[in-house]
Amino acid sequence: MPNKPILFVLVITATLLGIFSYQQWRGDPPVTRTDFTIPDLDGQTRTAQSFDGQLVLLNFWAPWCAPCRAEIPMLNTLQAEYGARGLQIIGPAVDQLEAIQDFVRDTAIHYPVLVNMPAVMRLQDSYDDQRLPLSVLIDRQGHVVFRHAGELKKNQIAPLIEQYL
């Protein structure tokens, strides 16, 4: 029988290999942004590349999602406060076009809203989280630096925006 230190090292090595293999198999979310081509509410095609060099906050939402609706005034405020310094908030919406249009008609949203539900869902899936709301902060180099599912509060995101601007 092998001595205890060698057995311990073998067990630890096997465990670490198993964890590494599992992470590779399940597909961790990307550490760089996912490319997309999705129209906005005005029918203008938006691409990930069109926001190169900006700090981007993707905020996946739906009109029927109460926490999503609660975030919109705070997101408008962030866009107003930091937009001139390079922040761009983008709101990929998870619903049918008509429902989004109806909601936006009655609610001021001061950032682009992306509206092709299958494409938006694929983009959200690429970040390995289907919960709403989902916020993904992408730095100016295209690296995902923060992900948060659930209602985002200004005190959670403002320090990160300051840090990466």
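The first residue of the sequence shown is numbered 1, and numbering continues consecutively from there.
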Got a second to check how far I72's CD1 is from N59's CG, nearest 0.5 Å? 8.0 Å
Quick one: does Q156's side chain have a donor or acceptor within less than 3.5 Å of a partner on K153's backbone? yes
Output for pair (I161 CD1, D139 CG), nearest 0.5 Å, gives 13.0 Å
What's the shortest heavy-atom distance between I100 and A93, and which atoms? CD1-CB, 3.4 Å
In the structure I gave you, are the side-chain heavy atoms of P39 and L114 within less than 4.5 Å of one another anywhere? no
Given side chains that start at C-beta, do those of V145 and I138 come closer than 4.5 Å, heavy atoms only? no
Locate the shortest heavy-atom distance separating P159 from K154; write the atom from each residue and the value. CD-O, 4.0 Å
Can you tell if the side chain of I38 reaches within under 4.5 Å of the side chain of T45, non-hydrogen atoms only? no
Got a sec, which pairs hit disulfide bond (SG atoms under 2.5 Å apart) with one end in residues 48-85, sequence neighbours left out? C65-C68
Any donor-acceptor pair under 3.5 Å linking the side chain of W61 with the backbone of L132? no
If we only count heavy atoms from C-beta on, is the V94 to M121 side-chain gap below 4.5 Å? yes
Treating Ile, Leu, Val, Met, Phe, Trp and Tyr as nodes and any side-chain heavy-atom pair under 4.5 angstrom as an edge, say whether V113 and L123 lie in one connected cluster. no
Taking every heavy atom of R131 against every heavy atom of Q124, the minimum-distance pair comes out as O-NE2, 2.9 Å
Same cluster or not: are F60 and L137 linked, directly or through other Ile, Leu, Val, Met, Phe, Trp or Tyr residues, by side-chain heavy atoms under 4.5 angstrom apart? no
Just so I know, are the side chains of Y111 and I90 near enough to count as touching, which here means a heavy-atom distance under 4.5 Å? no
Would you tabulate the side-chain donor-acceptor contacts of residues 103-110 under 3.5 Å, counting partners in other chains and residues two or more places apart, or write 'none'?
from, atom 1, to, atom 2, distance (Å)
R105, NH2, D102, OD1, 2.3
T107, OG1, F103, O, 3.2

In terms of hydrophobic clusters joined by side-chain contacts under 4.5 Å, are V136 and L165 together? no
Are I157 and L134 linked, directly or through other ILVMFWY residues, by side chains that come within less than 4.5 angstrom of each other? no
Between the CD atom in Q163 and the CG atom in L55, the distance rounded to the nearest 0.5 Å is 10.0 Å
With a 4.5 Å heavy-atom cut-off, do L87 and I89 have their side chains touching? yes
Can you give me the closest heavy-atom contact between Y82 and A158, atom names plus distance? OH-CB, 4.1 Å
Contacts of D52 meeting side chain to side chain contact (heavy atoms under 4.5 Å, CB included) (sequence neighbours excluded), chain-then-number -> R33, Q49
Here the pair of heavy atoms bringing P112 nearest to Q88 is CD-NE2, 3.1 Å
Are any non-hydrogen side-chain atoms of V144 and V31 less than 4.5 angstrom apart? no
Heavy-atom pair with the smallest gap, counting every atom of M74 and L152: CE-O, 3.2 Å
When rounded to the nearest 0.5 angstrom, what is the spacing between OH in Y164 and CD in Q141? 10.0 Å
Please tell me if the side chains of Q96 and M117 come closer than 4.5 Å, counting only heavy atoms from C-beta onward. yes
Apply salt bridge (charged side-chain N to carboxylate O under 4.0 Å, His left out) to E71 and R69, showing your working. CA-CA 5 Å; E71 289 179 329; R69 293 191 312 266; over 6 Å; no
Tell me whether F36 is reachable from L57 by hopping between hydrophobic residues (I, L, V, M, F, W, Y) whose side-chain heavy atoms are closer than 4.5 Å. no
